Amino acid sequence: MRAAHPFPFYSDSLMITILHNPRCSKSIAALARTQQFADVNAIALNVIDFQVAPLQLSRLHDLQRQLRIPVRDMVRDGEALFDTLHLAQASDEILFAALASHPQLLQRPIVIYQERAAIGRPLEQLDAVLRTA
């Protein structure tokens, strides 16, 4: 693994970023798959523990654009906190704010490469992003 870029969410053809939770088995598997792709293709890998370094609101909006999904699909609705915060009928603005304030609600893992992103659930979804140009 190479040193992190000074802009931690920067990701282009020279770097892959993974938003990772080291306590999550799916995230660990995605990291292994992403690391292998990065090594084979000589691409820098930036691993972000997003629960230690939460994404700011502007970055969450960028991420949603890269994922090409509704913000609701970025949220872990099975978490108890989802119900506690009454997010079932929440607007997009409230969902973004909840993700910024409570990073454990963010789906994981997320891999970002060449301005595209994918949630690694199931792991095969990463294949759409982890490919060479």
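Quantities reported herein were computed from a predicted structural model and do not represent experimental measurements. We number each residue from 1, following the sequence as shown.
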- Message: Quick check: do Pro109 and Leu31 have side-chain heavy atoms less than 4.5 Å from each other?
- Response: no

- Query: Between Asp73 and Arg68, does at least one N-O distance fall below 4.0 Å, as a salt bridge requires?
  - Reply: no

- Message: Determine whether a donor-acceptor pair (N or O, by modelled atom type, separation under 3.5 Å) exists between the side chain of Arg65 and the backbone of Glu115.
- Response: no

- List the steps, then state whether side chain to side chain contact (heavy atoms under 4.5 Å, CB included) holds for Gln107 with Arg76. CA-CA 5 Å; Gln107 286 286 357; Arg76 294 174 55 91; 3.8 Å; yes

- Which value, rounded to the nearest 0.5 Å, describes the distance between Tyr113 atom OH and Asn41 atom CG? 6.0 Å

- Which atom pair, heavy atoms only, marks the closest approach of Gln64 to Phe96? OE1-CZ, 3.5 Å

- Task: State, yes or no, whether a side-chain contact exists between Leu87 and Asp77 at a heavy-atom distance under 4.5 Å.
- Result: no

- Message: Check whether Arg121 reaches the backbone of Arg108 with its side chain - one donor and one acceptor, N or O, closer than 3.5 Å.
- Response: yes

- Message: Minimum heavy-atom separation for Ala30 and Leu126, please, with both atom names.
- Response: CB-CD1, 3.7 Å

- Task: With side chain to side chain contact (heavy atoms under 4.5 Å, CB included) as the test, would you mind laying out the steps for Gln56 and Asp62 before giving the verdict?
- Result: CA-CA 10 Å; Gln56 294 185 359; Asp62 290 342; over 6 Å; no

- Item | Verdict with supporting geometry, Ile28 and His20, side chain to side chain contact (heavy atoms under 4.5 Å, CB included) | CA-CA 8 Å; Ile28 292 166; His20 176 60; 4.2 Å; yes

- Task: Please examine the side chains of Val129 and Ile16, heavy atoms only from C-beta on, and report whether any two atoms are closer than 4.5 Å.
- Result: no

- Item | Nearest-0.5 Å distance, CG of residue Leu105 to CD of residue Gln51 | 9.5 Å

- Item | Smallest separation among heavy atoms of Asn21 and Ser27, with atom names | N-OG, 3.0 Å

- Item | The single option from Leu63, Ile119, Val111 passing side-chain contact (heavy atoms from CB on, under 4.5 Å) against Leu19 | Leu63

- Message: Quick check for you: to the nearest 0.5 Å, what is the distance between Gln89 atom CD and Ile94 atom CD1?
- Response: 11.0 Å

- Gap separating the CZ atom of Arg72 from the CG atom of Asp92, nearest 0.5 angstrom: 7.5 Å

- Query: Within a reach of under 6.0 Å around CD of Gln36, are more than 12 heavy atoms found that belong to other residues, nucleotides or ligands?
  - Reply: no

Only distances under 3.5 Å count here; give the side-chain donor-acceptor pairs of residues 97-104 to other protein atoms, sequence neighbours excluded, each with its distance to 0.1 Å.
| residue | atom | partner | partner atom | Å |
| --- | --- | --- | --- | --- |
| Ser101 | OG | Ala97 | O | 3.1 |

- Note on the structure: One should read off an interatomic distance between Gln125 CD and Leu67 CG, to the nearest 0.5 angstrom, of 10.0 Å

- Is the count of non-hydrogen atoms from other residues, nucleotides or ligands lying under 6.0 Å from Glu93 atom CD greater than 12? no

- Task: Please name the pair of heavy atoms, one in Ala38 and one in Leu45, separated by the smallest distance, quoted to 0.1 Å.
- Result: CB-CB, 4.2 Å

- Can you tell me how far CG of Leu130 sits from CZ of Arg33, rounded to the nearest 0.5 angstrom? 7.5 Å

- Item | Close side-chain approach of Phe50 and Ile110, heavy atoms under 4.5 Å | no

- Message: Within the 4.5 Å heavy-atom criterion, are Leu60 and Met74 side-chain neighbours or not?
- Response: yes

